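Okay, so here's the structure we're looking at.
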2 protein chains.
Amino acid sequence: MTNINLYTKKLRESGLRPTKQRLKICEVLFSSEKTFHFTINDLTKIIEEKLSEKISLATVYNTIHAFKKKGYLKEISINSDKSYFDTNITDHQHFFDEDKSQLIDCGDDEIDSVNVKRNITGKKIKSIEVLIRVASDNQNQN
Amino acid sequence: MTNINLYTKKLRESGLRPTKQRLKICEVLFSSEKTFHFTINDLTKIIEEKLSEKISLATVYNTIHAFKKKGYLKEISINSDKSYFDTNITDHQHFFDEDKSQLIDCGDDEIDSVNVKRNITGKKIKSIEVLIRVASDNQNQN
DNA sequence: AAATACTTTAAAACTATTCTAAACTATTGA
DNA sequence: TCAATAGTTTAGAATAGTTTTAAAGTATTT
Ligand SMILES: [Mn+2]
Ligand SMILES: [Mn+2]
Ligand SMILES: [Zn+2]
Ligand SMILES: [Zn+2]
């Protein structure tokens, strides 16, 4: 399957038609073997700089949300003014480097799976998210 | 130690003088044996309704931040448009009821402690946060 | 081709949070 | 005592990420 076909499939399955703009977004999100973490701002900059293409912010937001809803992207919970997304949709956890405001994947082999012994009546577990905040040793402690 | 003295101590240790407004905030935060989770909006409403006192939002924000910085409050990481705070500053984890947008404490005995096998060079672990998202079984799955 | 449906876009709106600057209050020290 | 100084509260303005709007553009259907 060519990349264009793959992008088209993902867009269609997310309820979106494969337009020029959306395919560009896909190119940034899904062309690399490597997964990555990004904010909407990051993504918009990459599109503008690497693909020298100007896409309206609204289109970027809409597309990212459709992919998130369908499960082609994950959103990572951090206390931050911005939203962080992840092209790695497998079950995995994160370090958050507070010095650089940067997410780092934590492999399955690097953390024991979380065992929850309690269940909330009438509720189902949707996800278990672990965030390990790290910072430089010699931090301004104050 | 009377409550007023306790509040005064907490304020002073957070670098704030014990003013009328700040003591009111303390009363809501620290008078009950039970700990609780809140947003700034919640807290402001409680102050206005229960204590029939009007305190400027800026004062609430400043006081909450000072307490957080000092460690008398914790902030919980959720993907939300608002910040959630916790008067329970002991090491514990959370369920997040997505139907009600409500945090539920997860006791030490209800979850196995997380074992991280990797360390990031030059970085120290500041915290390990676990968030278990739950929602009603019969959710609109779409 | 005309009608219809979907999309992009710039700009406006929205909202939680932070900042500002002026009025107010408490503390200091002569 | 009381003026000078330092700290505080407040309403409103500013900020910034995100969402909404509405009009112009594009694609699809009949
Ligand atoms: Mn926020
Ligand atoms: Mn946000
Ligand atoms: Zn990741
Ligand atoms: Zn809690």
Side-chain angles (χ1 to χ4, degrees), chain A residues 4 7-8 10-28 37-48 51-70 73-86 101 103, chain B residues 4 7-8 10-28 37-48 51-70 73-86 101 103:
Chain A
I4 287 286
Y7 305 159
T8 299
K10 288 193 166 170
L11 285 166
R12 284 244 142 85
E13 289 186 338
S14 304
L16 301 174
R17 287 192 192 160
T19 63
K20 178 166 141 294
Q21 289 85 346
R22 289 172 181 159
L23 287 168
K24 285 293 178 189
I25 293 171
C26 286
E27 204 175 319
V28 173
H37 306 105
F38 65 92
T39 65
I40 296 285
N41 204 38
D42 294 340
L43 187 64
T44 306
K45 264 194 199 137
I46 295 173
I47 292 169
E48 283 183 8
L51 306 187
S52 39
E53 192 85 9
K54 164 92 177 75
I55 298 178
S56 161
L57 249 193
T59 299
V60 177
Y61 271 102
N62 292 341
T63 306
I64 296 307
H65 280 150
F67 279 149
K68 184 199 161 184
K69 189 172 182 197
K70 178 63 187 181
L73 288 175
K74 289 212 297 189
E75 191 172 0
I76 310 301
S77 297
I78 305 172
N79 266 358
S80 164
D81 42 349
K82 321 182 177 185
S83 291
Y84 283 73
F85 294 89
D86 197 339
S101 289
L103 284 164
Chain B
I4 287 286
Y7 306 159
T8 299
K10 288 194 167 173
L11 285 165
R12 283 245 143 82
E13 290 187 339
S14 305
L16 300 173
R17 287 193 192 158
T19 63
K20 179 167 143 292
Q21 290 86 344
R22 289 171 181 159
L23 287 167
K24 286 292 179 187
I25 294 171
C26 286
E27 205 175 320
V28 173
H37 306 106
F38 65 92
T39 64
I40 296 285
N41 204 38
D42 295 339
L43 186 65
T44 307
K45 263 193 198 137
I46 295 173
I47 293 169
E48 284 184 7
L51 306 187
S52 40
E53 192 85 8
K54 164 90 178 76
I55 298 178
S56 163
L57 250 193
T59 299
V60 178
Y61 272 100
N62 292 342
T63 306
I64 296 307
H65 280 150
F67 280 150
K68 184 199 161 186
K69 189 172 180 196
K70 179 62 187 181
L73 289 175
K74 289 212 296 188
E75 191 172 1
I76 310 300
S77 297
I78 305 172
N79 265 358
S80 165
D81 40 349
K82 319 181 175 183
S83 291
Y84 284 73
F85 294 89
D86 198 339
S101 290
L103 283 164

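Here the structure is a predicted model, which means the values were calculated and not measured. In what follows, chains are A, B, ... by sequence order, proteins preceding strands, each numbered from 1.
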Contact check, side chains of B:K10 and B:K70, non-hydrogen atoms, under 4.5 Å: no
Non-hydrogen side-chain atoms of B:I25 and B:I47 separated by less than 4.5 Å: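 The answer is yes, as the side chains (C-beta and beyond) meet within the 4.5 Å cut-off.
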Please report the closest heavy-atom contact between [X] and [Y], naming both atoms and the distance.
X     : Y      : answer
A:R17 : A:L11  : O-CD1, 4.4 Å
A:Y84 : A:S101 : OH-O, 3.3 Å
A:K82 : A:N41  : NZ-ND2, 4.4 Å
A:L23 : A:P18  : CD1-O, 4.1 Å

[X] [atom1] - [N] [atom2] separation (whole Å):
X     : N      : atom1 : atom2 : answer
A:D42 : D:dA16 : CG    : C1'   : 15 Å
B:I55 : D:dA11 : CD1   : C1'   : 15 Å
B:L57 : D:dG12 : CG    : P     : 12 Å
B:N79 : D:dT19 : CG    : P     : 11 Å
A:K24 : C:dT7  : NZ    : C1'   : 18 Å
A:D81 : C:dT18 : CG    : P     : 9 Å
A:I25 : C:dT8  : CD1   : P     : 8 Å
B:R12 : C:dA26 : CZ    : C1'   : 11 Å

Proximity to the side chain of B:K82 - top-ranked nucleotide from C:dA10, C:dA16, C:dT8: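 The answer is C:dA16.
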Shortest side-chain distance from A:A58, nucleotide among D:dT10, D:dT18, C:dA10: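 The closest nucleotide is C:dA10.
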List the atom pairs, donor and acceptor, that lie under 3.5 Å between side-chain atoms in residues 53-66 of chain B and the rest of the protein, sequence neighbours left out.
| unit_1 | atom_1 | unit_2 | atom_2 | d |
| --- | --- | --- | --- | --- |
| B:E53 | OE2 | B:K20 | NZ | 3.3 |
| B:S56 | OG | B:A58 | N | 3.3 |
| B:N62 | ND2 | B:A58 | O | 3.2 |
| B:T63 | OG1 | B:T59 | O | 2.7 |
| B:H65 | ND1 | B:Y61 | O | 3.4 |

Those residues that, when tested against B:S77, pass side-chain contact (heavy atoms from CB on, under 4.5 Å) (two or more places apart): A:N79, A:R133, B:E129
Residue-level proximity of residues 61-68 of chain B to DNA chain C when a heavy atom falls under 4.0 Å: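 B:Y61, B:H65 - these, ordered by number, are the residues of the stretch whose heavy atoms sit under 4.0 Å from the strand.
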Stretch residues 13-22 of chain A: residues that reach within less than 4.0 Å of DNA chain C through a heavy atom: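 Those residues whose heavy atoms fall under 4.0 Å from DNA chain C, taken from residues 13-22 of chain A in numerical order, are A:R17, A:T19, A:Q21, A:R22.
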Presence of B:S83 side-chain N/O under 4.0 Å of C:dT17 phosphate oxygens OP1/OP2: yes
Side-chain N or O of B:S56 closer than 4.0 Å to phosphate OP1/OP2 of D:dT9: no
Five-pair end axes of the helix from C:dA1-D:dT30 to C:dA30-D:dT1 and the angle they enclose, rounded to 10°: 0°
Residues forming a side chain to side chain donor-acceptor pair (under 3.5 Å) with B:T39, sequence neighbours excluded: B:D42
Those residues that, when tested against B:K68, pass side chain to side chain donor-acceptor pair (under 3.5 Å) (two or more places apart):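 For B:K68 the side chain to side chain donor-acceptor pair (under 3.5 Å) partners, ignoring immediate neighbours, are B:E75.
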Contacts of A:F38 that satisfy ring-ring contact (aromatic ring centres under 6.0 Å, His included) - sequence neighbours left out: A:F36, A:F85
Set of residues satisfying salt bridge (charged side-chain N to carboxylate O under 4.0 Å, His left out) with respect to B:E48, sequence neighbours excluded: none
